[in-house]
Amino acid sequence: MARLENWEGNLFVSDLSWGDNGKGKAIDYLAEQADMVCRLNGGNNAGHTVDNQLGKFILHLISSGIFHPHVLNVLSGNVVVDPGSLVKEIDHLRSKGVAITGKNFIVADDAHLIMPWHKRRDQLNEVARGKGKIGTTGRGIGPTYGDRTERTGLRVRDLVSKDFDERFDEEFKWQERLVRLMSAGTSLRGRVTFVLGELPIFSQRFRPFDRKQILEEMHQAADALRPIVTSVIPIIYEYREAGKKILGEPGQGALLDKDRGTYPYVTSSQPGIAGFCAATGIPPKEVHTIGIVKAYFTRVGEGPFPTELKNETGAHIQKVGVEVGATTGRPRRTGWLDGPAASYGANVCGADASGLTKLDVLTGIKELQICSGYRHDGRIYTTAPGVDVEFMNQVEPVYTSLDGWTEDITQVTRYNDLPLNAKKYVRKAEEVIGRPLEFLSVGPSRRQTILL
Ligand code: IMP
């Protein structure tokens, strides 16, 4: 029997590359068997697409487990929360008939709040970086985590406390001063507009924050969130002690990990097993970690991408795979499956197994390539020794060519029914990732999943 058919204990669905590997769908599928789904890191920079009987959803902060009424979904204390965005997401789900109560969704009271000044600082930092910009989502993720590390900022428990206005005012004063100074600094550099993708977002002249309006929005969010804010660690522990099944859902992927990713082109949190354990208190030995890899690679924003395809095939994959950032709408860069990067990602994430998604997107491409090694300085690496920017920019991918297939595979439900060339592709992918494959995905809906 396939291991995932009846998974036991705690299951962590990690992402072995730069995110967007189809975690949303995998979690939606696997949550059927779960008692709890815990989102561990990141914020509304993430965008998880779920396509099920209720429609198509792009979730940013709420776990895909929300579509299973028996599941308790947890937004962990290591997530950064934009209160307005969270409330909007809750309202949207409710409007589509998804019930959200304290019984199926709770928010950690020790998570940090993303405030308007964090977003502004994120954008100003990008301007200051100039050509070296990271290509962030502009959602204020880095500055909020920065403040948390600096041991400052507001948390969810402040938002719902009766002293919020007082704490807010203290914060407001110095954050406004900081943004004023940063704005002066960036305009001195002579850059007039901040550009996200192709869009000019704002001019550099300092625009004051509207204290009254922000406060009003925060009060509204506090009223909406108060019933679901709680201390989540004791609840997670209770579930763990009772032997209930906990599923972990990260935002982003291993190669965007702040410590082990393609630094500085990374996000500011830990999407790997360390992030799951830190967010839940569950020790790694109690977790089965499955690393998801897309049948081809994508990346949003700047940073190295050794197998990138800047040609017609890349454009074809981008179009067929609808590879557009779920949060920012930016087209994703596309490339061949990168084995050395994925197996490094598996090492970083502590993955014991793998899952391959969006195989159907490759249907019809005559000749496929999988990167099975990096050539660098006279050596071949089948697993990247690290993903340092300098190293990644220097490596020469070594490819294995495989014949493609033309048959429609979107209705296939058993591995044996896949075309021979698709099977060969899958086995090569498994070999280069270096972790046994436990599932394949051949389309966006739950039933388009093949367990191995
Ligand atoms: P930030 O997380 O907004 O600070 O952006 C840092 C980098 O991570 C940028 O390259 C973003 O495009 C990337 N990033 C952040 N969240 C996601 C995601 O959910 N999927 C893919 N890339 C992401």
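Read the numbers this way: they start at 1 and go in the same order the structure lists the ligands and their atoms.
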Please say whether [X] places an N or O atom under 3.5 Å from an N or O atom belonging to ligand 1.
{"X": "L256", "value": "no"}
{"X": "E302", "value": "no"}
{"X": "Q252", "value": "yes"}

With a 4.0 Å heavy-atom cut-off (strictly under), which part of [X] contacts ligand 1: side chain, backbone, both or neither?
{"X": "T328", "result": "neither"}
{"X": "R330", "result": "side chain"}
{"X": "Y265", "result": "neither"}

Just need the protein heavy atom nearest to [atom], so name the residue and atom and give the distance.
{"atom": "atom 3 (O) of ligand 1", "answer": "T137 OG1, 2.6 Å"}
{"atom": "atom 10 (O) of ligand 1", "answer": "V300 O, 3.1 Å"}
{"atom": "atom 19 (O) of ligand 1", "answer": "A46 CA, 3.2 Å"}
{"atom": "atom 2 (O) of ligand 1", "answer": "T267 OG1, 2.6 Å"}
{"atom": "atom 7 (C) of ligand 1", "answer": "V266 O, 3.8 Å"}

Test item: F206 and E176 side chains (from C-beta on) under 4.5 Å apart, heavy atoms: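 Yes, at least one pair of side-chain atoms sits under 4.5 Å.
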Would you say the side-chain atoms of R139 and T137 include a donor-acceptor pair closer than 3.5 Å? no
For the residue pair T334 and E323, confirm or rule out a side-chain donor-acceptor distance under 3.5 Å.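 Short answer, no.
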Minimum heavy-atom separation for L255 and V266, please, with both atom names. O-CG1, 3.9 Å
What are the two closest non-hydrogen atoms of T144 and L113, and how far apart are they?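 T144 and L113 have their closest heavy atoms at CG2-O, 3.4 Å.
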Carboxylate-amine/guanidinium proximity below 4.0 Å for [X] and [Y]:
{"X": "R435", "Y": "D352", "value": "no"}
{"X": "D20", "Y": "R332", "value": "yes"}
{"X": "R129", "Y": "E126", "value": "yes"}

Listed partners of E438 passing salt bridge (charged side-chain N to carboxylate O under 4.0 Å, His left out), at least two apart: R3
Looking at R39 and L75, would you say the former's side chain and the latter's main chain have a donor-acceptor pair under 3.5 Å? no
Is the shortest distance from a heavy atom of G135 to ligand 1 less than 4.0 Å?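 Yes, G135 has a heavy atom closer than 4.0 Å to ligand 1.
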Per-atom filter on ligand 1: closer than 4.0 angstrom to a heavy atom of D20 are 20 (N), 21 (C)
Which atoms of ligand 1 sit under 4.0 Å from any heavy atom of W18?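 Those atoms are 21 (C), 22 (N).
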Check each of T136, N45, N21 against atom 15 (C) of ligand 1 and report the one with the nearest heavy atom. N45
